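Counting starts at 1 for both ligands and their atoms, following the listed order. Model, not experiment: these values are computed from the prediction.
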Amino acid sequence: MSPVINIHHSSSDSQSGRIPDLIVEDSQTVVIFGGTGDLTRRKLLPALFAMHYENRLPEKIRIVAFGRRDYTNESFREEMCSEIESFQRVKGSKADVKAFAEHIDYFKGGLDDAESFDRLSKQLDDAEVYPANRVFYLSVAPSFFGPVTTLLKESDLVYSPTHAHWSRVVIEKPFGRDLESAMDLNRHVLNLLDESQVYRIDHYLGKETVQNILSFRFANTIFEPVFNSSYVDHIQVTASETVGMESGRGAYFDTAGALRDMMQNHISQLLCLVTMEPPSGFSSDAVRNEKVKVLQSIRIPKLDDVRENVVRAQYVSGTMGDKKVTAYVDEDRVPSGTSTETFVAAKFFIDNWRWSGVPMYLRTGKRMGRKQTSITVQFKKPPMELFRTVECANDVCDLTEAQPNVLTFRIQPDEGISLHFATKRPSMHMVVEDSELDFNYAENYEGTLPEAYERLLMDVMRGDATLFMRSDEVEAAWRIMDPILQAWQERNARIPLHFYSPGSWGPLAADELFENEVGAWQNQ
Ligand code: BG6
């Protein structure tokens with residue numbers, strides 16, 4: 001094991017682990033479509049509760065959960081109180097949760113029913129109860145994005161951008177299932193709303209450790225000069241998960257697959273942040289312009305590139321620890337015989353001045369060895385290998401040599417950043433070994449990191465779209481993924497679907513993406 005040197009932050013105003021938080025100033029009404037759904041219960045209401053508990057919400061706030069089921073305000077609040085208690089990050093008491101729930105109303109309506117939207121509009125007109133600024137959160141199946149935005153406009157629930165009050169519409173993923181459908185959806189939405197009113201969510205951007213990538217890169221002088229093709233050998237992004245298709249997720253997942261579900265959005269975003277040029281500032285457009293430029297520079301894969309540089313695979317049955325798990329094709333609500341991929345690994349190239357010729361390896365999968373999201377930047381070896389020594393013990397000899405420097409952003413879990421570098425092992429010989437500088441959040445900051453949805457809801461409520469996807473960004477990401485989806489569909493292309501055992505790091509074919517190059521996947 002390499003020696004580890006821990007790093008502790010030294011900034012005095014954050015000694016207590018708490019920097020004064022941002023607050024939402026504008027009173028507002030937040031309408032959640034899909035108000036009885038899983039995301040509302042597990043993420044959105046607990047996030048709003050945490051903001052309320054930490055005094056970050058305005059005094060006048062009303063939350064309206066729009067759903068199809070029968071509830072009264074009281075029965076809905078009661079049920080949500082127990083959900084918030086189980087999923088909250090902060091440690092609020094029952095009384096705290098109950099006080100927050102007083103801000104929630106339930107509204108029974110249909111997502112494609114004009115009469116429901118007219119009724120909602122009349123109800124929200126009561127400005128005494130419902131503050132006039134409005135957030136509409138579309139936590140609904142993608143087939144409802146079109147109808148709900150249309151009805152919001154037709155029932156005058158959304159204002160024009162020049163109105164005295166503001167309205168914002170948050171759209172959950174997936175935003176389209178290919179380039180064409182994403183373009184159609186953008187056209188539809190932008191016919192009704194101004195881009196400044198649209199917030200397309202990618203929850204990875206709300207993660208504290210993801211935002212830290214930009215501070216790490218652009219608040220330090222020592223790393224940026226070596227972040228380019230002269231010094232970097234390759235970059236890897238991994239988002240592996242141990243979960244399979246629990247709670248009936250298979251029904252959705254099988255219509256998407258790992259490429260659409262994770263790579264087109266979360267993983268591409270991570271790649272953008274680690275490779276983009278410095279923005280001119282932190283305005284939402286300055287940051288998003290740079291991300292779009294990187295996406296536009298990624299080489300669009302041709303059929304042969306898909307064959308050589310992209311691996312798709314599916315998990316078979318097996319064991320994870322001492323738990324038996326079924327094959328993907330036998331999972332609940334997954335059609336048997338499906339060829340949807342639960343794993344994808346790909347090698348991409350960014351054809352721009354900074355990254356020309358540097359391979360970018362990306363992978364994601366379900367039922368893998370460990371839940372791990374990380375980005376590693378592997379540097380080139382020094383130009384001359386001065387430190388290659390042969391060490392012998394008994395009859396066994398090993399070649400000891402300096403290992404390349406590796407910088408790792410641990411997005412989750414065990415959040416932190418580490419840098420591997422060579423040091424001399426104390427002895428009479430000149431032998432180098434690998435050491436590690438490590439910064440980790442748990443040791444440096446008290447309490448838990450804010451949930452991604454807290455940060456993102458805060459930004460919507462404050463009108464900051466930096467961490468949301470702009471229309472051109474979504475389309476640029478689809479433009480890269482589309483040829484892969486098409487190649488997989490083309491029978492004559494005969495692109496194999498590989499298989500892997502649960503608990504593994506994917507199929508062997510994914511390791512072979514490194515063929516002829518230095519390096520291998522970092523499976524920490
Ligand atoms: C979602 C995907 O967007 O992200 C899921 O639809 C995936 O399939 C999830 O499990 C992973 O998110 P996190 O924050 O747990 O890494």
Side-chain angles (χ1 to χ4, degrees), residues 34 37-44 46-47 50 87 89 137-142 145 170-177 182 199-213 237-271 273 312-315 320 325 328 331-334 338 340-344 362-375 409-415 441 448-457 467-469 474 477-478 481 502 506 524:
D38 225 37
L39 188 75
T40 307
R41 291 163 189 265
R42 288 166 173 269
K43 298 286 183 189
L44 303 180
F87 294 112
R89 173 183 65 83
Y137 198 116
L138 273 57
S139 172
V140 295
F145 294 162
V170 185
I171 304 184
E172 261 296 333
K173 62 167 282 236
F175 199 92
R177 51 176 290 107
Y199 289 70
R200 299 171 194 80
I201 279 224
D202 182 317
H203 80 277
Y204 266 54
L205 294 179
K207 292 181 192 276
E208 192 62 38
T209 45
V210 172
Q211 294 163 52
N212 193 35
I213 299 170
V237 183
T238 291
S240 58
E241 295 183 273
T242 51
V243 291
M245 296 297 127
E246 293 84 354
S247 324
R249 288 208 82 231
Y252 149 74
F253 188 86
D254 200 71
T255 63
L259 188 93
R260 288 191 176 96
D261 185 49
M262 295 287 291
M263 198 170 279
Q264 184 272 343
N265 39 63
H266 308 323
I267 298 189
S268 308
Q269 285 295 311
L270 295 180
L271 181 65
L273 293 173
R312 60 171 170 164
Q314 202 180 66
Y315 59 83
M320 288 183 71
V325 296
Y328 174 69
E331 291 271 26
D332 180 29
R333 304 180 66 185
V334 169
T338 175
T340 298
E341 80 290 355
T342 58
F343 171 98
V344 61
L362 316 182
R363 68 175 167 170
T364 182
K366 305 283 186 207
R367 287 270 188 254
M368 291 178 66
R370 191 166 342 170
K371 167 108 178 146
Q372 170 195 325
T373 306
S374 61
I375 304 172
F409 297 90
R410 295 191 306 272
I411 305 297
Q412 63 187 20
D414 184 24
E415 292 80 359
Y441 280 81
T448 47
L449 294 175
E451 278 278 326
Y453 278 97
E454 288 172 40
R455 170 63 200 241
L456 295 174
L457 279 165
L467 301 179
F468 294 81
M469 314 265 284
V474 178
W478 276 121
M481 302 302 158
Q524 289 115 3

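Ring pair H203/Y453 is parallel by interplanar angle, where below 30° counts as parallel and above 60° as perpendicular.
Taking atom 12 (O) of ligand 1 as the reference point, the nearest protein heavy-atom neighbour is H203 NE2, 3.2 Å. Among all protein heavy atoms, the one lying closest to atom 15 (O) of ligand 1 is K371 NZ, 2.8 Å. Distance from atom 3 (O) of ligand 1 to its nearest protein heavy atom, with residue and atom name: H266 NE2, 2.7 Å.
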- Task: Begin with the C-alpha distance, continue with both residues' side-chain angles, and end with the deciding distance and a verdict on side chain to side chain contact (heavy atoms under 4.5 Å, CB included) for R333 and M245.
- Result: CA-CA 9 Å; R333 304 180 66 185; M245 296 297 127; over 6 Å; no

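Not one N or O on the side chain of T373 forms a donor-acceptor pair closer than 3.5 Å with the backbone of I411. Without hydrogens or angle criteria, T364 side chain to A239 main chain gives a donor-acceptor distance under 3.5 Å. Side chain of E341 to main chain of L259: a donor-acceptor pair is present (N/O by atom type, distance under 3.5 Å, no hydrogens or angles).
Which parts of ligand 1 touch Q412 is read off a 4.0 Å heavy-atom cut-off, strictly below it: atoms 13 (P), 16 (O). When each atom of ligand 1 is checked for a heavy atom of K207 under 4.0 Å away, the hits are 13 (P), 14 (O), 16 (O). Heavy-atom proximity to K173, at under 4.0 Å, picks out these atoms of ligand 1: 1 (C), 2 (C), 3 (O), 6 (O). Against a heavy-atom cut-off of under 4.0 Å, K366 is close to the following atoms of ligand 1: 5 (C), 7 (C), 8 (O), 10 (O). Counting atoms of ligand 1 from 1 in the listed order, those under 4.0 Å from a heavy atom of D261 are 2 (C), 5 (C), 6 (O), 8 (O). Against a heavy-atom cut-off of under 4.0 Å, R249 is close to the following atoms of ligand 1: 5 (C), 6 (O), 8 (O).
Of the polar atoms of Y252, none of the N or O atoms is found under 3.5 Å from an N or O of ligand 1, judged by distance alone. Not a single N or O atom of T373, backbone or side chain, sits closer than 3.5 Å to an N or O atom of ligand 1.
No side-chain donor from either of N265 and Y204 sits under 3.5 Å from a side-chain acceptor of the other. Between the side chains of R410 and S374, not a single donor N or O lies within less than 3.5 Å of an accepting N or O.
In summary, R455 and E208 do not engage in a salt bridge, as defined by a charged side-chain N under 4.0 Å from a carboxylate O. The pair R89-E454 meets the salt-bridge criterion, since a charged nitrogen lies less than 4.0 angstrom from a carboxylate oxygen.
Considering each of E451, E241, K43, the one bringing a non-hydrogen atom nearest atom 11 (C) of ligand 1 is E241.
By the criterion of a heavy-atom distance under 4.0 Å, the side chain of Y204, and not its backbone, is placed next to ligand 1.
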